[in-house]
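First up is the structure itself, then whatever we jot down about it.
Because the structure is predicted, anything quoted here is derived from the model rather than measured. Indexing begins at 1, ligand by ligand and atom by atom, following the structure's order.
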Amino acid sequence: MYLMILGAPGSGKGTQGKLLAEFLRVPEVSTGELLRTAVKQGTPLGKQAKTYMERGELVPDEVVLGLIEEILDSREAARGVMMDGFPRTVAQAKAVDALLASKQAKVDRVVLLDVAEEELIKRLLARAAKEGRSDDNLESIKTRLKVYHDQTQPLIAYYEKRGVVRRVPGMGSVDDIQKRAREALKA
Ligand code: B4P
């Protein structure tokens with residue numbers, strides 16, 4: 001099963017995506033986590049990505065597309081994957097479609113986490129205080145929210161036309177949201 005978890009920054013994609021992936025027994029792969037590791041290790045990919053990430057902007061498609069190809073071509077993803085943080089633009093979605101089509105597969109489900117904007121900002125600022133992630137500051141958070149509205153939200157319509165989107169209210173406890181997500185996937 002090829003699934004994608006979609007939502008604004010702070011909507012809980014990482015938290016819910018990992019739990020859902022465990023439940024469905026597919027690996028969870030986050031481009032955000034892979035990019036943060038690349039930045040820490042100072043790899044060529046990390047060097048290209050660093051400034052964009054700190055500003056809250058998307059890393060350019062041409063930089064990220066190779067990474068997405070590597071993920072979907074890996075043995076780990078041979079029988080399915082929970083995609084966290086990608087695709088994020090229509091160009092990336094088209095690339096995912098083409099890569100999956102070459103394996104006679106497709107995006108089976110998109111779990112869309114719905115969370116109010118004030119709550120998103122609250123969660124990311126709370127994480128900033130705890131973990132000190134370099135893009136969890138108010139200026140970068142605002143850019144990330146705008147980027148999500150402008151560049152990633154159009155994907156909802158892209159996948160809705162195929163009937164694969166399952167909307168899940170993302171407010172409340174982690175357990176309650178997980179129950180809703182599992183329930184939504186039954187339909
Ligand atoms: P990501 O790592 O994907 O980060 P994000 O969208 O900002 O969301 P994040 O995953 O951190 O938050 P989550 O919803 O899990 O991307 C970071 C950057 O990498 C991007 O800005 C971009 O520059 C680059 N990038 C990544 N992928 C890319 C791509 N495909 N193309 C181009 N660029 C790319 O929320 C987690 C927070 O909420 C946590 O603090 C958690 O504890 C809290 N939380 C979760 N559930 C909660 C609940 N129920 N109640 C309260 N708090 C909760």
Side-chain angles (χ1 to χ4, degrees), residues 4-21 28-40 43 45-72 81-97 99 107 110-155 158 168-181:
M4 174 187 164
I5 189 144
L6 186 65
S11 57
K13 298 184 296 291
T15 312
Q16 297 299 334
K18 281 191 186 74
L19 293 169
L20 265 186
E28 189 251 11
V29 187
S30 151
T31 42
E33 276 179 23
L34 291 173
L35 288 167
R36 274 187 292 281
T37 305
V39 170
K40 259 191 220 139
T43 64
L45 175 70
K47 283 183 185 146
Q48 281 178 290
K50 189 170 188 282
T51 329
Y52 295 102
M53 294 177 76
E54 281 173 354
R55 284 200 294 247
E57 291 166 10
L58 290 183
V59 175
D61 285 336
E62 57 273 24
V63 178
V64 151
L65 285 175
L67 182 63
I68 291 176
E69 197 173 334
E70 215 175 287
I71 296 168
L72 294 178
V81 73
M82 164 66 73
M83 297 177 252
D84 167 5
F86 77 98
R88 240 164 160 117
T89 62
V90 173
Q92 291 183 20
K94 288 187 175 158
V96 167
D97 283 345
L99 287 162
V107 175
V110 175
V111 175
L112 173 62
L113 292 172
D114 252 336
V115 177
E117 189 154 317
E118 312 86 272
E119 171 74 9
L120 297 172
I121 296 175
K122 212 170 84 189
R123 286 183 189 177
L124 294 173
L125 290 177
R127 184 170 66 186
K130 244 188 356 208
E131 296 174 21
R133 213 173 95 172
S134 63
D135 59 347
D136 282 343
N137 56 75
L138 196 54
E139 201 184 328
S140 175
I141 291 169
K142 284 191 176 152
T143 307
R144 280 152 68 200
L145 289 171
K146 184 173 177 346
V147 165
Y148 174 75
H149 290 307
D150 294 350
Q151 298 188 54
T152 307
Q153 256 183 345
L155 292 186
Y158 182 84
V168 174
M171 310 272 280
S173 76
V174 169
D175 283 356
D176 284 347
I177 300 164
Q178 182 62 201
K179 276 187 204 136
R180 280 177 220 145

For atom 18 (C) of ligand 1, what's the nearest protein heavy atom and its distance?
-> M53 CE, 3.9 Å
Check ligand 1 against R36 and write out every atom of the ligand that is under 4.0 Å from a heavy-atom position of the residue.
-> 2 (O), 17 (C)
Would you indicate which of K13, E119, K130, R133 comes nearest to atom 4 (O) of ligand 1 when only heavy atoms are counted?
-> R133
Among the heavy atoms of Q16, does any lie under 4.0 Å from an atom of ligand 1?
-> no
Going by the atom numbers of ligand 1, which of them fall below 4.0 Å from some non-hydrogen atom of G85?
-> 27 (N), 28 (C), 29 (C), 30 (N)
For G14, take its heavy atoms, then give the atoms of ligand 1 lying under 4.0 Å from any of them.
-> 15 (O)
Sidechain N-carboxylate O distance under 4.0 Å for R133, E131 | no
Any side-chain heavy-atom pair of D84 and V29 under 4.5 Å = no
Option nearest atom 25 (N) of ligand 1 (shortest heavy-atom distance, choices D136, T152, L35, D84) | L35
Check ligand 1 against I177 and write out every atom of the ligand that is under 4.0 Å from a heavy-atom position of the residue.
-> 49 (N)
Short list, please: which atoms of ligand 1 are under 4.0 Å from a heavy atom of P9?
-> 5 (P), 6 (O), 7 (O), 8 (O)
Does Y52 have R55 sitting over its ring (NZ/CZ under 6.0 Å from centre, angle to axis within 45°)?
-> yes
Distance filter under 4.0 Å to E57 heavy atoms, resulting ligand 1 atoms | 22 (C), 23 (O)
Which option, R144, R88, R127, owns the non-hydrogen atom nearest atom 1 (P) of ligand 1?
-> R88
Per-atom contacts of ligand 1 with G172, taking only distances under 4.0 Å to non-hydrogen atoms = 48 (C), 49 (N), 50 (N)
Are E28 and K13 ion-paired here, with the side-chain N under 4.0 Å from a carboxylate O?
-> no
Are K122 and E118 close enough for a salt bridge, meaning some N to O gap below 4.0 Å?
-> no
Starting from atom 33 (N) of ligand 1, find the nearest protein heavy-atom neighbour and note its residue, name and distance.
-> V59 N, 3.1 Å
Any G10 heavy atom less than 4.0 Å from ligand 1 = yes
Residues D150 and K146 bridged, charged N to O under 4.0 Å = yes
Atom 31 (N) of ligand 1: nearest protein contact (heavy atom, Å) | Q92 NE2, 2.9 Å
